[in-house]
Amino acid sequence: MDKDTGTGYDSTMDVSTPQSPKVRKQFPFPEIEPKWQQYWEREATFRAANPGEPGSDKPKYYALDMFPYPSGAGLHVGHPEGYTATDILCRYHRMRGFNVLHPMGWDSFGLPAEQYAVKTGQHPRVTTERNIATFRRQIKALGFSYDWDREVATTDPEYVRWTQWIFLQIYNSYFDPVAKQAMPIALLEDAISKNPTRKAEWVDNPFLAGAHLAFREARKAGETPTDEELRAYLDEHRLAFVAEAPVNWSPDLGTVLANEEVEEWTAKGHTVVRKPMRQWMLRITDYAQRLLDDLELLDWSESLKDMQRNWIGRSEGAEVRFALKDSEHEIEVFTTRPDTLFGATYMVLAPEHELVGEITTGEQRLAVEDYVRKASTKSDLDRTDLAKDKTGVFTGAYALNPVNGEEIPVWIADYVLTGYGTGAIMAVPAHDERDFEFAKKYQLPINIVVLKEIEPGDGAIPTGEMMDTAWIAEGFAVASPPDGLRYEAPDINGLKTPEAKAKITAWLEEKGLGAAHVNFKLRDWLFSRQRYWGEPFPIVWRDGQHEALPESELPVLPPEMDDFKPAGDGSPPLAKARDWVDLPDGATRETNTMPQWAGSCWYYLRYLDPKNAERFCDPEAERYWMQPHGIDLYVGGVEHAVLHLLYARFWHKVLFDLGHVSTPEPFHRLVNQGLILGEDSQKMSKSRGNVVNPDDVIADYGADALRCFEMFMGPLEQVKPWSMSGVEGLYRFLGRVWRLAMQENQEGEWTLAPAVTNEPVPDHLQPALHGAIKGVTEKLDSMSFNTAISDLMVLTNALTKEEQRPRAALETLTLLLAPFAPHLAEELWSRLGHAQSLAYEPWPAFDEKWLAVDEVELVVQVNGKVRAKLKAPAEADQSALETLARESDQVASWLDGKTVVKTIVVPGKLVNLVVK
RNA sequence: GCCCGAGUGGUGGAAUUGGUAGACACACGGGACUUAAAAUCCCGAGGAGCGUGAGUUCCGUGCGGGUUCGAGUCCCGCCUCGGGCACCA
């Protein structure tokens with residue numbers, strides 16, 4: 001799921017380890033790390049119990065990492081950051097008695113392996129398998145507590161089967177506008193058929209009943225729909241559909257891209273142009289409102305929610321129809337400001353608008369056609385780059401403003417986008433910056449109809465020519481209509497913007513001229529790619545119509561080929577495999593493939609039941625792990641804020657609507673780990689030479705030190721620079737912990753230190769011990785890993801000072817450390833005399849009695865400045881503390897010759913004497 | 001331009017509801033051990049001033065105001081950096 005997928009295939013695969021400093025190891029991590037990794041694997045320590053298996057009676061905890069795209073470059077230190085955070089919480093939850101699901105897998109379809117295949121002829125599957133092996137080895141070397149029995153790869157044929165199966169669920173559904181959810185297309189088909197057989201299932205649904213009636217009336221009128229018409233009606237409603245639309249086409253990649261992906265690839269230097277093509281789309285726009293509303297259910301950062309909200313881009317307003325002078329056509333526009341209708345002085349159509357050809361007058365035709373042609377060859381980038389300088393051409397046509405009947409000119413301009421709203425606007429230059437700029441340039445009238453305040457008195461309205469910028473905020477309606485004039489439209493003068501909007505909209509609705517309307521920025525998801533290394537669509541074409549393959553035909557795997565080159569004309573590589581494409585019965589296979597996002601849209605569900613051959617996931621397993629509100633913790637990079645996270649939510653909602661999953665949202669709590677920068681505070685990149693390879697770090701300092709350092713660097717969500725001396729610091733800390741209990745003999749063997757005693761923990765150590773238990777526990781609960789480690793250091797420093805090291809105290813420290821440095825902790829636990837792994841040892845509990853102190857430090861302030869620090873009994877009451885403070889020698893000089901006018905006492909903490 | 005987030009020592013970062021600013025580390029300096037070094041252990045440290053000294057005073061959380069007995073924390077106005085969106089009507 002990495003965005004950074006375009007690198008690495010030309011790099012060598014061997015991971016070279018620089019000469020480690022020939023220094024004595026602080027602790028024998030090169031022996032104990034592989035030892036415990038093998039132990040955990042052999043004992044299946046981290047196998048998660050599905051319902052019915054021993055251990056499934058515990059409460060569940062599902063922590064998910066964003067699975068990686070196994071690139072040729074191998075793991076970098078950014079990967080283990082999020083993985084370590086989830087691993088720590090998983091190990092912690094096991095010790096707290098949870099049945100923990102912590103899986104890992106591979107997002108293994110993707111363009112780099114295919115590009116490598118084009119260059120070298122090596123099959124993408126070979127490349128992919130090799131890269132997965134590298135990633136698996138590297139990840140295992142970090143000692144994460146994954147249940148490897150649940151490993152999945154999106155390229156596995158059995159995984160592809162269910163990705164395609166889910167696609168068919170989407171294909172065989174429509175979005176019901178009444179129920180506001182996906183429903184089986186079979187219901188709609190039944191409703192419009194001549195002899196419905198499932199009426200009981202849909203008769204109460206106004207949408208289906210309405211469709212039924214419409215087709216019945218048509219039949220009564222003798223307009224019996226043909227099979228093609230019925231079919232076309234259904235295809236128009238499917239959640240997966242084929243559309244001819246301007247798409248993002250990259251000639252050098254040889255494929256189309258989703259809107260969300262364009263920036264990523266252009267940033268890498270690829271060209272992306274708009275081009276009309278026939279492509280598969282998914283109707284994510286139907287879910288726009290639910291995707292927006294259900295963000296409220298989620299425990300995500302507000303900034304991440306905001307990114308999704310902005311991407312979905314909901315705006316409320318009205319659609320208004322403008323009649324055209326001397327034409328039967330109408331222009332429909334969307335506006336968020338129907339209150340400014342009296343200020344609409346011209347209209348603008350997008351150059352691609354379907355009416356442009358129809359309404360252009362003879363003398364304007366040449367200029368308009370020229371403009372349209374130029375606009376069509378401009379890429380989106382050109383269009384936005386030239387944003388500052390607005391251009392346009394008058395069509396020669398006039399529209400009639402519905403509120404006052406005025407004739408206003410109709411222009412075309414490329415600042416109006418074809419993909420948003422209706423592709424046409426009413427221009428209100430006084431109250432919209434773009435319209436203002438355009439009107440200034442082409443000397444179109446600017447009529448002010450909103451003022452910030454209404455002046456008492458004569459109320460003369462300033463003229464638009466006096467404005468140097470548009471007033472786009474709300475205010476009070478004026479000149480709507482202008483003084484002395486009356487129109488059929490209501491007078492909204494003096495109304496505040498919201499009321500003015502409501503009144504005008506109501507009138508438009510009443511007159512049939514328009515209606516309140518909600519618009520979204522979100523576009524439907526362009527779902528097909530012209531690639532080889534992706535899931536083929538389980539679709540065949542017959543007589544120009546698409547049809548689904550039966551489930552028994554799944555999985556549909558890409559054919560064996562040795563030429564992976566895209567044709568360059570937009571036809572996919574698969575089209576060249578004629579034997580595969582042409583079926584004996586005359587049908588042909590769909591040759592597009594699905595985007596890489598398809599596999600990552602549901603992998604978290606396959607983990608729940610990865611070996612199931614009957615279903616994508618057993619319903620009982622789904623309920624067990626996903627109830628009550630989905631995945632307990634999902635950690636990954638913020639780069640997926642509007643890609644993977646939006647797509648996966650959409651698929652999940654479709655599956656939810658169809659009854660295949662039990663929660664409306666998949667990822668209840670989501671945390672974005674911050675980027676790790678190079679030691680130079682620059683983004684890590686091969687060209688800068690500041691990339692840190694985790695293998696090197698493990699070789700020199702061990703996996704535990706790497707894990708601990710990544711957590712100690714700073715808050716998980718923060719961007720932070722790498723520091724090799726920082727790793728060394730954590731390495732030394734782990735060495736100190738080790739040597740609390742161990743010492744090295746003449747032969748270089750580590751044995752239990754004689755300082756380790758079986759005496760009970762002395763009272764003077766108890767506050768440090770229980771303070772650490774409390775601190776680490778609370779900080780794990782709040783995911784404040786850096787301060788949790790700091791608490792462990794404080795306890796370690798306290799124990800280091802002790803001559804005698806009580807075994808009980810060392811055991812507690814070992815358990816607290818275990819989630820962070822599991823190899824070291826397991827080894828210490830074993831050396832302290834335990835035969836079993838500590839993975840399921842109960843988490844230490846603290847006793848408040850050791851945290852209560854009987855003497856506190858009392859801060860005495862005079863006028864808010866600290867003047868003394870005194871010892872005071874913890875139970876002293878306010879007046880006692882005040883007396884103590886006033887009588888203190890250190891304070892006396894500050895009170896000399898002054899009068900105390902006020903005293904503030906914070907019990908147990910501070911006394912502030914206010915003097916004059 | 002719009003929407004978020006963040007500015008704390010030489011560095012990474014700590015600081016419940018406003019209540020001792022700088023926890024814990026890194027880097028640095030000093031000491032112990034060592035023939036020496038590495039490793040380890042101990043000690044020091046926000047800045048400025050005064051004092052031989054134990055100490056002590058002032059300043060200090062991007063800048064300017066404000067609220068409060070008391071502000072890193074709350075309010076208003078700026079500046080800088082980072083992220084997202086970007087002609088979305």
Side-chain angles (χ1 to χ4, degrees), chain A residues 21-26 263 301-311 313-315 317 333-337 340 348 350 383-384 386-388 390 413-417 419-428 431-435 437-438 472 519-523 638-639 641-642 672 674-675 681 709 712-715 717-730 732-733 735-736 739 775 778 784 786-794 796-797 800-801 857-869 900-906 908-915:
Chain A
K22 276 281 167 227
V23 295
R24 215 184 66 201
K25 302 284 190 230
Q26 299 250 346
E263 192 272 331
S301 70
E302 274 307 305
S303 66
L304 183 60
K305 288 186 185 181
D306 270 343
M307 282 165 76
Q308 291 225 343
R309 288 188 192 111
N310 292 339
W311 195 265
R314 183 183 195 275
S315 3
V333 302
F334 172 73
T335 176
T336 55
R337 295 295 299 273
T340 62
V348 186
R383 267 167 88 149
T384 47
L386 298 169
K388 289 142 241 158
K390 297 211 172 12
D414 65 5
Y415 82 89
V416 174
L417 308 174
Y420 183 77
T422 60
I425 61 158
M426 63 176 213
V428 185
H431 306 293
D432 181 280
E433 276 174 28
R434 298 146 300 177
D435 297 345
E437 198 186 320
F438 193 79
I472 56 170
N519 229 329
F520 294 95
K521 280 202 269 189
L522 187 68
R523 303 269 70 87
V638 75
E639 66 271 20
V642 288
N672 291 125
L675 199 65
S681 291
F709 173 67
F712 189 68
M713 290 168 84
E717 299 189 55
Q718 195 164 303
V719 179
K720 41 211 178 282
W722 184 261
S723 159
M724 209 52 98
S725 53
V727 182
E728 206 170 320
L730 271 293
R732 285 203 293 260
F733 160 65
R736 283 202 301 280
R739 289 190 307 271
E778 287 176 354
S784 180
N786 54 332
T787 54
I789 291 175
S790 148
D791 283 353
L792 290 168
M793 289 173 168
V794 171
T796 302
N797 292 344
T800 304
K801 290 189 173 74
E857 190 180 54
L858 180 72
V859 172
V860 184
Q861 296 182 337
V862 179
N863 286 348
K865 290 194 191 297
V866 180
R867 296 303 181 193
K869 293 172 186 183
V900 176
V901 293
K902 192 172 177 185
T903 306
I904 289 103
V905 180
V906 182
K909 277 222 167 104
L910 146 163
V911 175
N912 189 9
L913 303 169
V914 185
V915 298

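A note on names: the letters A, B, ... follow the listed sequences, proteins ahead of strands, and every chain is numbered from 1.
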The answer to which of A:Ser303 and A:Gly419 contacts RNA chain B further toward the 5' end, by nearest nucleotide, is A:Ser303

Between P on B:C69 and CG on A:Leu910, what's the gap in Å once rounded to a whole number? 14 Å

If each of A:Lys801 and A:Asn786 is mapped to the nucleotide of RNA chain B with the nearest heavy atom, which maps nearer the 5' terminus, i.e. the 5' end? A:Asn786

Nearest-Å distance, CG (A:Leu675) to C1' (B:G5)? 15 Å

What's A:Ser315 touching, base or sugar-phosphate or nothing? Going by heavy atoms closer than 4.0 Å. sugar-phosphate

Nucleotide opposite B:A25 in a Watson-Crick or G-U pair, distances under 3.5 Å: B:U11

Checking N1-N3 plus N6-O4 or O6-N4 for Watson-Crick, or N1-O2 and O6-N3 for wobble, each under 3.5 Å, the partner of B:U68 is none

Between A:Lys720 and A:Pro715, is there a donor-acceptor pair closer than 3.5 Å when you use the side chain of the first and the backbone of the second? yes

Under 3.5 Å donor-acceptor, A:Asn912 side chain and A:Gly864 backbone: yes

Indicate, with a heavy-atom threshold strictly under 4.0 Å, whether A:Asn912 touches base, sugar-phosphate, or nothing. base

Do A:Lys521 side-chain and B:C85 base share a donor-acceptor contact under 3.5 Å? no

Euclidean distance, atom CD of residue A:Glu717 to atom P of B:G13 [Å, nearest integer]: 14 Å

Between B:G62 and B:C58, how many Å separate the two P atoms, rounded to a whole number? 22 Å

B:C85 pairs with, by Watson-Crick or G-U criteria that keep both distances under 3.5 Å: B:G1

Output, in order, the C-alpha distance, side-chain angles, deciding distance and verdict of side-chain hydrogen bond (donor to acceptor under 3.5 Å, both in side chains) for A:Gln26 and A:Arg739. CA-CA 8 Å; A:Gln26 299 250 346; A:Arg739 289 190 307 271; 2.9 Å; yes

Check the distance between B:A86's C1' and A:Trp311's CH2 and give it to me in whole angstrom. 11 Å

Between B:G1 and B:G19 - C1' atom distance, rounded Å: 42 Å

Contact check, side chains of A:Met426 and A:Arg337, non-hydrogen atoms, under 4.5 Å: no

Taken to the nearest whole Å, CG/A:Asp432 to C1'/B:A89 is 6 Å

Would you measure the distance from the P atom in B:A45 across to the matching atom in B:A25 and give it in whole Å? 15 Å

Using atom P of each nucleotide, how far apart are B:G10 and B:C4 to the nearest Å? 33 Å

Between B:U40 atom P and A:Arg739 atom CZ, what is the distance in whole Å? 7 Å

Pairing nucleotide - B:U34, Watson-Crick or G-U, each distance under 3.5 Å: none

Distance-only, no hydrogens or angles: does the A:Arg736 side chain make a donor-acceptor pair with backbone N or O of A:Thr800 under 3.5 Å? no

How far does the P atom of B:G64 sit from the matching atom of B:C50, given to the nearest Å? 26 Å

When you compare B:U73 with B:U8, how far apart are their C1' atoms, in angstrom units rounded to a whole number? 12 Å

Would you mind classifying the nucleic acid contact of A:Val859 as base, sugar-phosphate or nothing, using non-hydrogen atoms under 4.0 angstrom? base

List for me each residue that meets side chain to side chain contact (heavy atoms under 4.5 Å, CB included) alongside A:Lys909, sequence neighbours excluded, and say none if there are none. A:Val906

Tell me what A:Arg314 touches on the nucleic acid: a base, only sugar-phosphate, or nothing, going by heavy atoms under 4.0 Å. nothing

Are A:Thr340 and A:Asp432 packed together at the side-chain level, in the sense that at least one heavy-atom pair is separated by less than 4.5 angstrom? no

Whole angstrom value for the distance that separates P of B:G83 from NZ of A:Lys720: 15 Å

What nitrogen or oxygen pairs link the protein and nucleotides 24-26 of chain B at under 3.5 Å?
residue, atom, partner, partner atom, Å
B:C24, O4', A:Ser790, OG, 3.2
B:A25, OP1, A:Asn797, ND2, 2.7
B:C26, OP1, A:Arg732, NH2, 2.7
B:C26, O2', A:Ser725, OG, 3.0

Write down the distance separating the P atoms in B:A14 and B:G70, rounded off to the nearest Å. 29 Å

Going by the angle between their ring planes, with limits at 30° and 60°, are A:Trp722 and A:Phe709 parallel, tilted or perpendicular? perpendicular

Rounded distance in Å - CD (A:Glu778) to C1' (B:A15): 14 Å

Say you pick atom C1' in B:U61 and the same atom in B:G46; how far apart are they, in whole Å? 11 Å

